[in-house]
Amino acid sequence: MSWKKRICCFFIMALMPGIFAFPVKRSNAFEGGEEKQPHLIQATALEDDYKGMVELGLASTPYLEETDFQKAFQNVLCSCVRFQVKGHYGSGIIFQMLESEIILVTNRHVLQYWDEDSYVTFFNGRVSGGTVIGVSDKADIGFISIPVEQFTYEELLLFRGIRMERENDAENEQDGKIAVPKPDTDFFMIDMASEWNAPVMKLGKVIDPCVFLEDFQAEMLYGSGDAVPGMSGCGVFDGHGCFLGMLSGGTLQSEIAAVLAQTIYTQYEEIDSDRKKPAHEDV
C-alpha cells in the first residue's frame with residue numbers, strides 16, 4: 001500500500017476529539033492544577049500596552065535567529081489552546097490577536113461539536129467561551145472569535161498569535177505568500193490536549209511540504225511524527241518558532257498530515273471579508 005493511501009486510512013478518525021476522548025470538568029478554580037477563570041479587573045496602563053502592541057504588530061510569537069527547538073517550544077506555548085466540546089477535546093492555536101477580539105483556528109471536524117457549552121482553555125489555564133465565525137468548505141479549517149472583554153489586559157499581554165514566515169522576495173512581512181518548508185525540515189507539535197498544564201513536544205520531519213490528499217481534497221503538508229487523540233488542530237512549528245501548518249490527521253505508522261499555513265491564511269481572509277460585509281450586501 002502506498003504512503004498516500006495508507007495515510008488516508010487513518011486520517012481524522014485517529015485524531016478526532018470524540019475518539020479515545022474523555023470529559024474534562026470546567027472549573028473556575030486554580031487549586032490542584034484545575035482550570036481557572038479569574039475575576040475581570042482591568043488596568044488602564046495595561047490596556048494601553050495591549051492596544052499599542054497590537055497596533056504595532058507585536059502581538060505574535062518571537063522569532064529565533066538560530067534553530068532551538070526547546071526555546072521555540074517555550075516561545076509558542078502562549079499561542080496554544082485546547083478545545084472542550086461536548087465532553088471531548090481537540091486542539092487549536094491563536095491565529096491573531098486583535099484590538100477587540102482574539103481569533104482562534106482549529107480543524108473544521110473539531111468545530112462540528114461546538115455549542116454554547118463548549119469552551120477553550122489557554123496555556124495559563126484561563127477558560128472562555130467563543131463564537132464560531134466561519135468554517136471553510138475547501139479545507140479542514142474553522143475559526144473562533146473571543147472578545148477581549150472576556151479577559152484582563154494582564155492576561156491578554158501573556159497571549160500571542162502565531163508567526164508565519166513570508167517568502168524571501170516579499171517587500172515587507174505583510175506581503176507575499178507564506179513560506180513553504182523544504183523536505184526534511186524538522187518540526188515539532190505540541191500536545192496540550194492530554195494535559196493542558198503539562199504540554200509535551202512531539203518532534204517530526206517534513207516528507208513532502210505540499211501533496212494532494214484525496215481524503216481532504218486539498219494540498220497538505222505530509223510528514224513523519226507521532227500524534228495522539230485530541231491533537232487535531234494543534235500547530236506544526238519549525239525550530240525558529242514559525243508556524244508551518246495545523247495538524248488534521250495521522251496514522252499508526254507515525255505519519256501526519258497538516259493543513260498548510262498559506263491555506264489557513266487564505267481561508268481566514270475570505271471568511272473575515274464575508275463577515276464584514278454589510279447585511280444588505282449580496283454574498
Side-chain angles (χ1 to χ4, degrees), residues 53-81 91-98 102-107 123 136 138-141 143 159-190 192 199 201-212 216 218-225 227 231 233-248 256-272:
M53 180 178 70
V54 171
E55 185 176 353
L56 293 172
L58 302 176
S60 57
T61 55
Y63 175 82
L64 294 174
E65 293 293 339
E66 300 292 335
T67 299
D68 188 321
F69 282 91
Q70 191 57 47
K71 286 184 179 178
F73 171 76
Q74 295 297 329
N75 284 345
V76 304
L77 277 177
C78 56
S79 69
C80 299
V81 300
S91 300
I93 47 251
I94 299 176
F95 183 70
Q96 285 186 355
M97 300 287 296
L98 304 176
I102 299 176
I103 303 297
L104 307 179
V105 63
T106 186
N107 292 137
F123 83 107
S136 171
K138 301 174 183 177
D140 190 17
I141 303 169
F143 297 93
F159 305 148
R160 291 290 186 277
I162 51 176
R163 175 181 295 275
M164 293 184 285
E165 185 178 7
R166 301 281 175 167
E167 296 287 359
N168 293 332
D169 58 354
E171 293 184 1
N172 64 69
E173 62 180 17
Q174 297 304 316
D175 295 330
K177 290 186 176 181
I178 307 300
V180 176
K182 296 179 180 180
D184 294 326
T185 297
D186 292 321
F187 65 75
F188 70 92
M189 303 173 289
I190 297 180
M192 201 175 100
M201 178 167 58
K202 302 280 190 176
L203 296 174
K205 185 183 293 288
V206 175
I207 296 174
D208 193 325
C210 187
V211 59
F212 184 84
F216 291 96
E219 293 181 332
M220 307 285 285
L221 183 155
Y222 167 68
S224 62
M231 282 179 62
C234 77
V236 178
F237 303 91
D238 68 15
H240 299 282
C242 289
F243 178 73
L244 304 180
M246 179 176 66
L247 184 68
S248 280
I256 66 97
V259 183
L260 297 170
Q262 177 65 46
T263 303
I264 296 171
Y265 178 81
T266 301
Q267 291 304 293
Y268 175 71
E269 290 292 297
E270 292 183 8
I271 289 172
D272 189 49

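Atoms considered below: every heavy atom in the structure, side chains included; atoms not considered: hydrogens, waters and symmetry mates. Note that the structure is a prediction, hence the values are computed from the model and not measured.
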>> Please determine whether side chain to side chain donor-acceptor pair (under 3.5 Å) holds for the pair Asn107 and Ser248, giving the CA-CA distance in whole Å, both sets of side-chain angles, and the decisive distance to 0.1 Å.
In response: CA-CA 7 Å; Asn107 292 137; Ser248 280; 3.0 Å; yes
> Without hydrogens or angle criteria, can the side chains of Thr266 and Glu270 be said to hold a donor-acceptor pair below 3.5 Å?
Replying inline: no
>> Rounded to the nearest 0.5 Å, what separates atom CD in Glu165 from atom CD1 in Ile178?
In response: 9.5 Å
> Rounded to the nearest 0.5 Å, what separation is found between the CG atom of Leu64 and the CZ atom of Phe69?
Replying inline: 10.5 Å
>> For a side-chain contact (heavy atoms from CB on, under 4.5 Å) check, start with the C-alpha distance between Val81 and Phe159, then their side-chain angles and the critical distance, and finish with the verdict.
In response: CA-CA 10 Å; Val81 300; Phe159 305 148; over 6 Å; no
>> Does Glu269 have more than 12 heavy atoms from other residues, nucleotides or ligands lying within 6.0 Å of its CD?
In response: yes
> At their closest point, which heavy atom of Met97 faces which heavy atom of Gly161, and how far apart are they?
Replying inline: CG-N, 3.6 Å
>> One pair to check against side-chain contact (heavy atoms from CB on, under 4.5 Å): Gln70 and Met201. What are the steps and the verdict?
In response: CA-CA 9 Å; Gln70 191 57 47; Met201 178 167 58; 3.7 Å; yes
>> Looking at every heavy atom in both Cys210 and Leu260, which two are closest together, and how far apart are they?
In response: SG-CD1, 3.7 Å
>> With rounding to the nearest 0.5 angstrom, report the CD1 to OG distance, Ile207 to Ser224.
In response: 4.5 Å
> Are Phe95 and Tyr268 near enough that their ring centres are under 6.0 Å apart?
Replying inline: yes
>> Is any side-chain heavy atom of Lys71 closer than 4.5 Å to one of Glu66?
In response: no
> Can you check whether Val206 reaches Asp184 side chain to side chain, under 4.5 Å on heavy atoms?
Replying inline: no
>> Run Tyr265 and Gln267 through side-chain contact (heavy atoms from CB on, under 4.5 Å) and show every step you take.
In response: CA-CA 6 Å; Tyr265 178 81; Gln267 291 304 293; over 6 Å; no
>> Applying ring pair (Phe, Tyr, Trp, His ring centres under 6.0 Å), can you list everything that pairs with Phe123, at least two apart in sequence or on another chain?
In response: none
> Looking at residues at least two apart in the chain, or sitting in another chain, which of them share a salt bridge (Lys or Arg N to Asp or Glu O under 4.0 Å) with Lys205?
Replying inline: Asp186
> Between Ile93 and Gly233, what is the shortest heavy-atom contact and its length?
Replying inline: CD1-O, 3.6 Å
>> For Met220 and Val259: C-alpha separation, side-chain torsions, deciding distance, then whether side-chain contact (heavy atoms from CB on, under 4.5 Å) applies.
In response: CA-CA 5 Å; Met220 307 285 285; Val259 183; 4.0 Å; yes
>> Is the shortest side-chain heavy-atom distance between His240 and Thr67 below 4.5 Å?
In response: yes
> In Å and rounded to the nearest 0.5 Å, what is the OG to CE distance from Ser91 to Met192?
Replying inline: 7.5 Å
> Which atom pair, heavy atoms only, marks the closest approach of Gly241 to Ala72?
Replying inline: N-CB, 3.8 Å
>> Looking at every heavy atom in both Phe237 and Ser79, which two are closest together, and how far apart are they?
In response: CZ-OG, 4.2 Å
> How close do Leu247 and Ala257 get, heavy atom to heavy atom, and via which atoms?
Replying inline: CD1-O, 3.7 Å
> Any side-chain heavy atom of Asn75 within less than 4.5 Å of one from Phe73?
Replying inline: no
> Are any of the side-chain heavy atoms of Pro209 and Pro183 separated by less than 4.5 Å?
Replying inline: yes
> Just by distance, do the side chain of Ser136 and the backbone of Ile141 share a donor-acceptor pair under 3.5 Å?
Replying inline: no
> CD1/Ile162 to OG/Ser60 distance, rounded to the nearest 0.5 angstrom?
Replying inline: 9.5 Å
> Rounded to the nearest 0.5 Å, how far apart are CD1 of Ile94 and CZ of Arg160?
Replying inline: 9.5 Å
> Between Arg166 and Phe243, is NZ or CZ placed under 6.0 angstrom from the six-membered ring centre and within 45° of the ring axis?
Replying inline: no
